[in-house]
Amino acid sequence: LRIIGRTLLIAATVTVLCIVIAVPFAFFMARVAPARLRGLLVAAVLVPLWASYLVKAYAWRTMVQPGGVLDSALGTTPGYGLAAVVLTLTYLWLPYMILPVYAGFERLPVSHLEASADLGGRGLTTFRRVMLPSILPSIAAGSIFTFSLSLGDYIAVQIVGGKLQVLGTTVLQNITLDLPFAAALGTTSVVIMVLYLLAAGRTGA
């Protein structure tokens, strides 16, 4: 139960961090940046996806390790463990959140924003009552990627997680030792994702 809870905590934290970063960035891409720059910004989001998963994971390993980049630049580092896993997975899956949210902002009619302004809605009010309900399906769609990929990941956890145990690593370790237990944990992941997909579907994603 602790392993399942820890895995859910990691997946939820990564998803929340991706939303917090992706929403303002996607808004800037879709509504603030000049049209000629949007293509470059989209390309900048897509380029990391062309790099090897292992290269990116090992790059974060060198950043969070004692004496690594973060330790040298900031004087402190999370080291290997839960924080390093969250940072690495957030970086790995962030493009999968940015792109759907960016598409959601692009589809948002300008007339809705103009109507809100005409009715006296300020920036925060317009975002909360007009933009956010409109892009909620896009956020839910992106969260399906970030949550499911974080839930099932075990390679990045092995690289930067130290001795941290999650569902993926536990299944991997028990494939040859206790196959029924590994199968039960694998089924748990499937059940969690089915429930998450049903919840996301209710948002219109």
Side-chain angles (χ1 to χ4, degrees), residues 1-26 45 48-49 51-66 68-71 74 76-101 136 138-175 177-178 181-201 203 205:
L1 289 176
R2 284 197 300 270
I3 291 172
I4 293 172
R6 186 183 303 120
T7 307
L8 286 172
L9 174 64
I10 291 172
T13 304
V14 169
T15 299
V16 170
L17 286 175
C18 285
I19 292 172
V20 170
I21 298 170
V23 169
F25 189 77
V45 172
L49 297 178
S52 167
Y53 173 96
L54 287 175
V55 169
K56 292 183 287 188
Y58 274 105
W60 272 98
R61 180 182 175 87
T62 62
M63 291 181 68
V64 301
Q65 68 185 3
V69 176
L70 293 181
D71 201 3
L74 305 177
T76 183
T77 178
Y80 304 134
L82 182 65
V85 169
V86 170
L87 283 172
T88 303
L89 293 180
T90 300
Y91 170 78
L92 289 171
W93 312 139
L94 182 59
Y96 296 100
M97 178 65 75
I98 291 176
L99 294 174
V101 177
L136 187 60
S138 300
I139 292 175
S143 74
I144 292 172
F145 291 105
T146 58
F147 187 85
S148 62
L149 292 170
S150 301
L151 187 73
D153 191 279
Y154 64 93
I155 298 175
V157 177
Q158 288 182 311
I159 293 173
V160 300
K163 297 180 180 180
L164 190 69
Q165 292 291 309
V166 295
L167 276 173
T169 57
T170 308
V171 170
L172 180 66
Q173 292 166 0
N174 284 277
I175 285 291
L177 299 176
D178 189 350
F181 179 61
L185 285 178
T187 304
T188 301
S189 300
V190 174
V191 170
I192 291 171
M193 273 316 303
V194 167
L195 295 175
Y196 193 86
L197 287 169
L198 291 174
T203 67

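Along the sequence shown, residues carry numbers from 1.
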Ignoring hydrogens, what is the shortest heavy-atom contact between [X] and [Y]? Give both atom names and the distance.
{"X": "Met97", "Y": "Cys18", "value": "CG-O, 3.7 Å"}
{"X": "Leu164", "Y": "Thr169", "value": "O-OG1, 4.1 Å"}
{"X": "Trp93", "Y": "Ser150", "value": "CD1-OG, 3.3 Å"}
{"X": "Ala22", "Y": "Val101", "value": "O-CG1, 4.4 Å"}
{"X": "Pro66", "Y": "Thr77", "value": "CA-CG2, 4.2 Å"}

Measuring only between side-chain heavy atoms, which start at C-beta, is [X] closer than 4.5 Å to [Y]?
{"X": "Thr7", "Y": "Ile192", "value": "no"}
{"X": "Leu92", "Y": "Val14", "value": "no"}
{"X": "Leu172", "Y": "Gln158", "value": "yes"}
{"X": "Thr76", "Y": "Leu70", "value": "no"}
{"X": "Val160", "Y": "Tyr58", "value": "no"}
{"X": "Val166", "Y": "Thr170", "value": "no"}
{"X": "Val45", "Y": "Phe25", "value": "yes"}
{"X": "Gln165", "Y": "Gln173", "value": "yes"}

Could you give all pairs that pass the side-chain hydrogen bond (donor to acceptor under 3.5 Å, both in side chains) test and reach residues 188-197, with sequence neighbours left out?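 Pairs touching residues 188-197 that pass the test: Ser143-Tyr196.
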
Which residues pass the side-chain hydrogen bond (donor to acceptor under 3.5 Å, both in side chains) test with [X], sequence neighbours left out?
{"X": "Thr146", "answer": "Thr15"}
{"X": "Tyr53", "answer": "Asp153"}
{"X": "Tyr154", "answer": "none"}
{"X": "Gln65", "answer": "Tyr80"}

Could you tell me the separation between the CZ atom of Arg2 and the CG atom of Leu9, rounded to the nearest 0.5 Å?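 That separation rounds to 14.5 Å.
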
About how many Å separate CD1 of Ile3 and CG of Leu185, when rounded to the nearest 0.5 Å?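 So the gap between those two atoms works out to 6.5 Å.
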
Return a table of donor-acceptor pairs under 3.5 angstrom between the side chains of residues 82-91 and protein atoms on other chains or two or more places apart.
from	atom 1	to	atom 2	distance (Å)
Thr88	OG1	Ala84	O	2.8
Thr90	OG1	Val86	O	2.7

List the residues meeting side-chain contact (heavy atoms from CB on, under 4.5 Å) with [X], not counting sequence neighbours, and say none if there are none.
{"X": "Leu195", "result": "Val191"}
{"X": "Ala57", "result": "Ile159"}
{"X": "Val190", "result": "Val194"}
{"X": "Pro100", "result": "none"}

Going by ring pair (Phe, Tyr, Trp, His ring centres under 6.0 Å), name the residues that satisfy it together with Phe145, two or more places apart in sequence or in a different chain.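 Phe145 satisfies ring pair (Phe, Tyr, Trp, His ring centres under 6.0 Å) with Tyr96 only.
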
